[in-house]
Amino acid sequence: MDKAYDPKQTEEKIYRLWSKSGYFNPDKLKARNSYAILLPPPNITGSLHMGHALNATIIDILIRCKRMQGLGAICLPGTDHAGIAAQNAVEKELKKNGVSRFDLGREKFVQAIWEWKEKYGHIILGQLQKIGLSADWSRTRFTMDQKYSEEVKKTFIHYYEKGLIYRGERVISWCPRCQTSLSDLEIEYQEEKSYLWYLKYPLVKIPNSKFQIPNSITVATTRPETMLGDAAVAVNPQDKRYQNLIGQKVILPISPYGGSPEGRKNREIPIIADRAIDSGFGTGAVKITPAHDFLDAEIAERHHLPFYQVINGKAQMTKEAGLDFEGLSVSAAREKIVEELSKQNLIEKTEDYRHNVARCYRCQAKIEPLPSQQWFLRMPALAKMAEKDVRSQKTEIFPKKFEKTYFDWLKNIKDWCISRQIWWGHQLPVWFHEPKCVPPQGREKDIVKCVEMKVSLTEPKCEYCDAKFKQSEEVLDTWFSSALWPFAELSKKDLKKFYPSAVLVTDRGIINLWVTRMIFSGLEFLNQEPFAKAFIHPTVLTKEGKRMSKSLGTGVDPLNLIEAFGADATRFGIIWQMMSNQDIRWDETAVLAGKKFCNKIWNASRFVLANKPAGDSADLARGLTRIKKLTPADKKIIKQLEATKKSVGEDIEKFRFGHALRTIYDFFWHQFCDVYIEKSKKQLSTSESKLKTQKILLSILTESLKMLHPFMPFVTEEIYQNFSSKKQKLLITAKWN
RNA sequence: GCACCCUUAGCUCAAUGGUAGAGCGUACGGUUCACAUCCGUAAGGUCGCAGGUCCAAUUCCUGCAGGGUGCACCA
């Protein structure tokens, strides 16, 4: 053995050794019980970041530990097609050559993404191998595999036939850049400086009114351009200031004019009372734009107000906004409106205002709420099921504080908008027959049965004509397919063995996007929750406590760490910092400590192996309990080993990985190396205690390597290869008792 | 606005109802015989602030401040 440990000469070689052994696949383990963990499928667009590294390390510690405990341990890997993210990534690539996806057309563009996926999609899995993840790669899945796709469609059909999926026109969140609808969870809010405009809407004069009616009512808004779509002004029914005005009408000072200027007549809209209005905000009077605001849409439903869509999917003003505005961008329209209103002296005042603006979680473009025909999954019943499951502890969310995130979302649940207008993804199994058959003479009655739309796995046939059905162009929300990850595409045999999985390990950022949806999907389709526990691990932040971000250049690339310090040191550094489920403020010196520790293990092993007696290692190490006449130092180290094993075992069960690692570290370095090895040097020099001491050294080393292996797999396996027994050739399957 | 979490050595973090510890860094010293990626010694903390409970509080309680997260609002 060399004087220093060199990860570069070791890691690839050892990983190949493991792969060749086939033990990542539990079929080879001949274990009675399984222990499965799903790898949260990274996006095909992803490249390894600290979050992946932490996640994979935790999963791998558990898998390696359970494998050594004799269970049929498996990590089920794969990748996610990442609808919007992948589409955006490839669009960006094409843009470099000045090509848009529309230039290519749908078929060719989707083909380009597939090619891109073949080329780059597997890279992240290779990176996970680099940090040592012992996943069963023979079972690698992809969320757009043919079988997976089929099951996604079957799921849609199941929900549809159960009446849980419906199609409807609703105000939804629309990303004008991605050109698609988004669900509530795909929106991020960002604080922004803006203004609150106080606009005066003149009241319609009523002759002979017994009340004193003011000239105008003032409404506060952050989006003056939406006034073109206003359908009412609303106040709280309790608001004393406006009692006289409820039921009166105001004149929209700028109205969407069409046609000739002579026909110009401003729209008159009512003043209504609605409980949703907060009388403390602004003037207590609010303009209601049903088509472009969620709350306004709700209020409009209650009051049967018309929806005027004045903004389109490209964030431009529509024809309905009137000839003066049609085609203008939202921001240009805003300027024009403000200018016009101030000309008319209808702006009472303007206030500085900070508020949260909704943005697309994939491209950061400003979201436009607008009415659109979409497909929805009815959530109340599913949400109830999911809530009950965690309330009854059938699925345990750990740490418990994250239960709140889960319950909060379920409590305020909205129907899930599952259709997306992008090209990359699972096309809806919905087929259109348009136009309907033209009934031949005398058969009108029969043909009435001809359907315009059919939900079906394969293309349906019309009973009355030869016209082909056309499949819906829309695709499903990526998370609709991710929700099926615990079971889709698994063979019946695998399903029996690996469902439910033991524990789900993931980040808090996707508790509801992913975890919650997996839970209700599992309950719905297999009548059992997909995992017994969901462990929400910490998030890796910068040293300053800020989010790591590639675009801001604040990210740390784990591959660089592996290159500089080795995979074991990187794993050590990550886990060393993972204490009590607080977020990690990244400190690279922990990786340095890991590198030093690798070397310490290496050199202590060199010492022990230089003093290894002849014979099979397994036999030598097992004889520990039979050794007589132990010295106090012998007894002490044996006792310390037992205590360490116990403590580490308990820590791992409770996901206290950082604590476990520090316990082993302290034992190995300070109790074993600093004290016992030093003492052993004397014991080795006398012939009566020599063999005993040699056996103890070998035994403690072997047990230490086993404990360390889940945390630092490469260096421990490499050392083990230098003295492995005929009976137990690999450390990965050595018994961890 | 509501809820939860965090605040301990220069940095990143532990532990603990009764003399506060680690890693990294710093200073000084040592080491042919496993390891200079090593060993030893030292410096360095009124444990965020203000109250309270207790014989005793960094540890328990309350309030405040700063940082973070989730939810609601975001007209």
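Residue numbering restarts at 1 for every chain, and letters A, B, ... go by the order of the sequence lines.
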Sugar-phosphate, base or nothing in reach of A:Ile511, heavy atoms under 4.0 Å: nothing
Touch class at under 4.0 angstrom, heavy-atom based, for A:Trp602 against every strand present: nothing
Assigned partner base of B:rU58, Watson-Crick or wobble definition, under 3.5 Å: none
P-based separation of B:rA27 from B:rG68 [nearest Å]: 34 Å
Contact nearer the 5' end of RNA chain B, comparing A:Phe607 with A:His659: A:His659
Separation of atom CD in A:Gln577 from atom P in B:rC24, rounded to whole Å: 13 Å
Aromatic plane relationship, A:Phe672 with A:Tyr676 - under 30° parallel, 30 to 60° tilted, over 60° perpendicular: parallel
For nucleotides 71-73 of chain B, list the nitrogen or oxygen atoms of the protein found under 3.5 Å from its nitrogen or oxygen atoms, one pair per line.
{"unit_1": "B:rC71", "atom_1": "O4'", "unit_2": "A:Asp408", "atom_2": "OD2", "d": "3.3"}

Exceeds 12 heavy-atom contacts within 6.0 angstrom, atom NZ of A:Lys690: no
Nucleotide forming a Watson-Crick or wobble pair with B:rA20, both distances under 3.5 Å: none
Nearest-angstrom distance, C1' atom, B:rG25 to B:rA9: 11 Å
Test: A:Arg334 cationic atom under 6.0 Å from A:Tyr195 six-membered ring centre, within 45° of axis: no
side-chain N/O A:Lys287 vs B:rA75 OP1/OP2, d < 4.0 Å: no
Exceeds 12 heavy-atom contacts within 6.0 angstrom, atom CZ of A:Arg547: no
Closest heavy-atom pair and its distance - A:Ala220, A:Thr283: N-OG1, 4.2 Å
Mate of B:rA72 where both pairing distances stay under 3.5 Å, Watson-Crick or G-U: none
Short side-chain N/O contact from A:His355 to OP1 or OP2 of B:rA75, under 4.0 Å: yes
Rounded interatomic separation in angstrom, taking CZ from A:Phe668 and C1' from B:rA34: 10 Å
Within 45° cone and under 6.0 Å: A:Arg391 NZ/CZ vs A:Phe407 ring: yes
Touch class at under 4.0 angstrom, heavy-atom based, for A:Leu609 against every strand present: nothing
Closest approach of A:Ile337 to A:Pro224 (non-hydrogen atoms, all atoms of both residues): CG2-O, 3.9 Å
Rounded interatomic separation in angstrom, taking NZ from A:Lys595 and P from B:rU37: 9 Å
Nucleotide B:rG23, atom C1' - distance to CG of A:Leu592 in whole Å: 9 Å
First of A:Asn611 and A:Val286 reached from the 5' end of RNA chain B, by closest nucleotide: A:Asn611
Proximal nucleotide (of B:rC39, B:rA14, B:rG23) relative to the A:Asp674 side chain: B:rC39
Counterpart base for B:rG66, defined by Watson-Crick or G-U wobble contacts under 3.5 Å: B:rC6
I'd like a list of close polar pairs between nucleotides 65-68 of chain B and the protein, N/O only, cut-off under 3.5 Å.
{"unit_1": "B:rG68", "atom_1": "OP1", "unit_2": "A:Lys546", "atom_2": "NZ", "d": "3.2"}

Value in whole Å for how far the C1' atom of B:rG23 lies from CE of A:Met579: 11 Å
Any N/O donor-acceptor pair, A:Lys3 side-chain to B:rC35 base, under 3.5 Å: no
Same-atom distance (C1') from B:rC74 to B:rU58, integer angstrom: 41 Å
Contact summary for A:Ala297 and A:Val171, nearest pair of heavy atoms: CB-CG2, 3.7 Å
Strand partner of B:rA15, provided both Watson-Crick or wobble distances fall under 3.5 Å: none
Gap in Å between the two P atoms, one belonging to B:rC5 and one to B:rG44, rounded: 35 Å
Given B:rU12, B:rC35, B:rG23, the nucleotide with the shortest approach to the side chain of A:Asn603: B:rC35
Contact summary for A:Gln243 and A:Pro237, nearest pair of heavy atoms: NE2-O, 2.8 Å
Separation of the C1' atoms in B:rC6 and B:rU26, to the nearest angstrom: 28 Å
Whole-Å gap separating P (B:rC6) and CD1 (A:Ile584): 16 Å
Proximity to the side chain of A:Asn599 - top-ranked nucleotide from B:rC38, B:rU37, B:rC74: B:rU37
Residues A:Arg223, A:Glu368; criterion salt bridge (charged side-chain N to carboxylate O under 4.0 Å, His left out); working and verdict: CA-CA 11 Å; A:Arg223 297 199 63 185; A:Glu368 282 298 337; 3.1 Å; yes
Lys/Arg cation over aromatic A:Phe325: A:Lys336, 6.0 Å, 45° cone: yes
Closest to side chain of A:Tyr665, choosing from B:rU37, B:rA75, B:rG23: B:rG23
Enclosure of A:Lys401 NZ (heavy-atom neighbours >12, cutoff 6.0 Å): yes
Side-chain N or O of A:Trp669 closer than 4.0 Å to phosphate OP1/OP2 of B:rA34: no
Length of the CG-P vector between A:Asp184 and B:rC74, whole Å: 15 Å
Atom C1', compared across B:rU19 and B:rG63: separation rounded to whole Å: 31 Å
Residue matched to B:rA42 through Watson-Crick or wobble contacts both under 3.5 angstrom: B:rU26
Opposite nucleotide pairing with B:rU53, Watson-Crick or G-U, both atom distances under 3.5 Å: none
Under 4.0 angstrom between A:Thr589 side-chain N/O and B:rG23 OP1 or OP2: no
Nearest-Å distance once atom C1' is located in both B:rA22 and B:rU16: 15 Å
Distance test, side-chain N/O of A:Lys681 to OP1/OP2 of B:rA34, below 4.0 Å: yes
Whole-angstrom distance between B:rC73 and B:rG51, as gauged at atom P: 41 Å
Euclidean distance, atom CD of residue A:Glu678 to atom P of B:rC33 [Å, nearest integer]: 11 Å
Aromatic centroids of A:Phe723 and A:Tyr720 separated by under 6.0 Å: yes
For B:rC47, the Watson-Crick or wobble counterpart (both distances under 3.5 Å): none
hbond_proxy A:Gln582 side chain to B:rA14 base (donor-acceptor, 3.5 Å cutoff): no
Listed nucleotide nearest any side-chain atom of A:Lys543, set B:rG23, B:rA75, B:rC11: B:rC11
